[in-house]
Amino acid sequence: MGCGIIESDNCSKINASEKKQNYIIQTSSGRELDHILRVYDEIESVTEAAKDELVDENMATVLLNKYEVEELKEDADIVSIEKDKVVKAAKEKNVKKINGKDIDLEWNKKLIKCKSIKDDDVKKRVKIAVIDSGVDWGNDIDLEETITLVPGEEEMNPLFMDGTGHGNSVAGLIAAKDNNEGITGINPNAAIYSIRVLDDNNESPLSRVIDGIYYAISKKVDIINMSFGLDSYSEALKKAIDAAENAGILVVAAAGNTSANVQYPAAYDSVLAVGSVDSDADLADSSARGERIDVVAPGELVCSTGQFGDLLIESGTSLAAPQVAAVASRIMEENPNASNTDVKNAIIHGANYSNGVGYGLLDEKYVLENYDELIEYDNDKVIEVNDTEIDVLGDTGCVKGSWSGDKHETLIGSGHSNVKKGARFPDIKDPYLDGSVLGVQMYRFAGMMHNPWWHGYYQKGKVVGNNPKYEGEYFNNYVACYIYITRLANEMKTKKVANAPLGLTSDIESEIKYDLGSLDWQRSYGYIPTGETERAFVWGMALHSLADAFAHSVFVNGHVITHDTGADNINTCKQRWNHAKIAVDSGMEMFKKGNSSGTYKEFNIVKQASSYKMVNIKKHMNSLAGNSVASGYSAVNKDVSLSSGN
């Protein structure tokens with residue numbers, strides 16, 4: 001073979017001067033893939049937790065220059081090789097605001113004639129994979145499972161999984177609970193599998209999307225929703241889509257906000273491609289168009305689930321696609337033996353064409369009532385076109401932005417998004433903050449053993465060596481840490497010196513202050529923040545510490561939960577995650593008050609625990625607030641010694 005495989009001085013000179021790019025390679029065998037990975041640099045586009053999905057398909061992402069690519073194309077063992085392109089969320093950036101006093105938060109459901117359902121109506125609980133930017137646990141959506149495939153986020157707290165709000169809004173339209181909070185999704189009974197592939201810029205390498213599809217296949221989901229796209233064809237992506245279809249999965253995708261051609265994966269024939277319309281059932285100016293559009297759904301100024309209980313009003317085919325996925329799940333519920341092809345045909349042939357825009361509008365009522373006739377469509381049989389009347393809604397009063405859940409007339413500023421950034425930050429391994437100490441890879445904030453104050457962990461882990469900063473093993477009062485971090489957050493705005501609470505040792509106080517002082521806002525985040533921005537971000541870090549106490553200082557079934565035993569797994573003692581959500585909501589209420597700090601009362605929900613206990617919480621409460629308060633935690637307290645975990 002040539003320069004791509006055999007090393008020589010001449011080849012090295014040629015390749016060294018040539019720019020390298022990421023390529024997705026598929027080989028004919030695992031043995032050949034191993035050989036490729038020994039020769040070329042593999043790119044970590046997905047987390048360790050999901051690598052097996054690509055390996056099982058004999059696929060990997062490697063760094064190559066054009067000479068190496070041409071050489072590999074001549075190798076008979078290479079099935080395909082293509083650039084690892086970037087996919088982007090199909091959410092519109094610039095939206096015209098509509099003025100109106102009365103806000104109709106669920107106008108989209110009226111337009112597609114969606115009816116409410118109850119639990120006892122369900123014949124089959126349909127599994128929907130939302131491959132997106134993640135979905136936050138407890139954010140008005142019941143999750144069956146959640147995973148992030150984004151490298152560096154392996155230990156992300158599930159309460160803060162969605163980095164941009166995009167995944168929350170997609171999942172909310174599908175399955176937000178019917179509980180008088182926010183909106184209600186089209187099918188709250190759907191089982192949502194959240195697969196995070198989009199990063200905090202709502203982008204992903206194609207290889208990670210492909211991995212997400214194979215992961216969804218491995219979970220035997222019924223439907224995959226993808227609200228993102230790219231402009232060019234990909235053979236590797238088509239192979240993954242075909243694998244999903246062959247597994248009986250219906251794939252729904254946003255057509256894109258191109259005002260022109262449909263993007264991929266929506267452009268593949270087997271995918272149900274969704275364009276968007278406004279409240280008058282007119283095709284949105286930004287929506288993709290063309291013969292590849294299968295159906296349209298509301299996508300202009302649609303309200304969905306935001307973050308921390310807020311509402312989000314946005315536009316784009318990103319929001320249209322999940323409504324089609326949700327209606328598809330309703331069809332599958334009522335027709336448990338329906339195939340993916342049957343459901344796709346029913347939706348397409350049952351779409352309403354009386355809007356006059358040339359594309360059929362999603363019509364849940366018509367499809368459910370005429371399902372048996374709609375799936376019999378073939379070239380020899382003409383089905384009557386659905387031209388029933390559409391109730392156009394005109395001005396719904398919806399204006400782009402984030403809205404308070406209890407005051408729809410009030411737009412929320414960027415404060416809550418900055419809280420979310422801070423809440424996610426301690427679980428992200430920031431390359432700017434990497435450092436090597438005594439041969440151990442360390443991070444300024446990540447890593448609960450070294451930084452328990454940022455992760456609600458009950459002790460400081462021991463590190464072998466002679467550096468006193470990383471040596472030692474001692475108890476950490478996670479309640480006091482949460483309170484102190486909120487005080488330091490407020491200090492960034494008020495400039496009044498924050499006092500450490502009782503129960504916090506001087507060593508840990510110094511550690512927390514030192515860590516915050518190491519934040520390089522300009523280099524790491526691209527901007528110089530205001531005092532209010534800093535306050536919001538650090539408050540988010542405090543909420544992370546609060547939430548993580550329910551992940552890392554919890555005693556279940558005879559031992560303290562670890563990462564290996566499901567610390568971040570939402571299905572390991574779900575009660576603790578429900579309580580963590582309540583605690584974080586209480587903390588957010590303190591944040592919203594302006595200059596208030598956190599209190600030990602945010603942990604009051606622990607008193608209701610029946611399936612877990614909190615490590616050393618009675619001791620921590622006693623040091624903070626005295627025995628009268630601490631005694632209230634006796635029944636849910638578990639005294640644990642250092643390192644023992646029992």
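Residues satisfying the side-chain hydrogen bond (donor to acceptor under 3.5 Å, both in side chains) test with Asn179, not counting sequence neighbours, are Asp140. By the side-chain hydrogen bond (donor to acceptor under 3.5 Å, both in side chains) test, Asp178 pairs with no residue at all, sequence neighbours left out. For Lys618, there are no salt bridge (charged side-chain N to carboxylate O under 4.0 Å, His left out) partners, not counting sequence neighbours. Partners of Asp200 under the salt bridge (charged side-chain N to carboxylate O under 4.0 Å, His left out) rule, at least two apart in sequence or in another chain, are Arg196, Arg424. The salt bridge (charged side-chain N to carboxylate O under 4.0 Å, His left out) test applied to Asp142 returns Lys177, not counting sequence neighbours. Judged as a salt bridge (charged side-chain N to carboxylate O under 4.0 Å, His left out), and not counting sequence neighbours, the contacts of Glu144 are Arg125. Residues meeting the side-chain hydrogen bond (donor to acceptor under 3.5 Å, both in side chains) test with Lys115, sequence neighbours left out: none. Remark: Thr146 engages Leu143, Pro158, Met161, Ser194, Ile570 in a side-chain contact (heavy atoms from CB on, under 4.5 Å) (not counting sequence neighbours). Here Tyr633 pairs with Asn604 under the side-chain hydrogen bond (donor to acceptor under 3.5 Å, both in side chains) rule; sequence neighbours left out.
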Decide yes or no on side chain to side chain donor-acceptor pair (under 3.5 Å) for Asn476 and Trp453, but give the supporting numbers first.
CA-CA 7 Å; Asn476 175 59; Trp453 33 88; over 6 Å; no
His166 vs Ser227, side chain to side chain donor-acceptor pair (under 3.5 Å): CA-CA, chis, key distance, verdict:
CA-CA 9 Å; His166 191 264; Ser227 289; 5.5 Å; no
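Under the 6.0 Å cut-off for aromatic ring centres, Tyr478 and Tyr458 do not qualify, their centroids lying 6.0 Å or more apart. For Trp521 and Phe537, the ring centers are positioned less than 6.0 Å apart.
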Only pairs under 3.5 Å count here: list side-chain donor-acceptor contacts from residues 494-501, not counting sequence neighbours, and write none if there are none.
{"from": "Thr494", "atom 1": "OG1", "to": "Asn490", "atom 2": "O", "distance (Å)": "3.1"}
{"from": "Thr494", "atom 1": "OG1", "to": "Lys496", "atom 2": "N", "distance (Å)": "3.2"}
{"from": "Lys495", "atom 1": "NZ", "to": "Met492", "atom 2": "O", "distance (Å)": "3.0"}

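A side-chain donor-acceptor contact under 3.5 Å links Thr562 and Thr565. For the residue pair Ser611/Gln575, the side-chain donor-acceptor check at 3.5 Å is satisfied. Inspection of the Asn187 and Ser329 side chains reveals an N or O donor paired with an N or O acceptor under 3.5 Å.
Ion pairing between Lys493 and Glu534 fails under the 4.0 Å rule for side-chain N and carboxylate O.
You'll find the side chain of Ile223 stays beyond 4.5 Å of the side chain of Lys127, heavy atoms only. Side-chain contact between Ile313 and Val302: absent, with no pair of heavy atoms (C-beta onward) separated by less than 4.5 Å.
Just one residue in the list Met448, His544, Glu153 forms a side chain to side chain contact (heavy atoms under 4.5 Å, CB included) with Asp427, and that residue is His544.
Evaluation of the salt bridge (Lys or Arg N to Asp or Glu O under 4.0 Å) test over residues 589-600, restricted to residues two or more places apart or in two chains, returns Glu589-Lys592. For the salt bridge (Lys or Arg N to Asp or Glu O under 4.0 Å) condition, no pair includes a residue of residues 538-559, sequence neighbours left out.
Residue-environment remark: CG (Asn557) stays at or below the threshold of 12 foreign heavy atoms within 6.0 Å.
Lys420 forms no cation-pi arrangement with Phe160, by the criterion of a distance under 6.0 Å to the ring centre and an angle within 45° of the ring axis.
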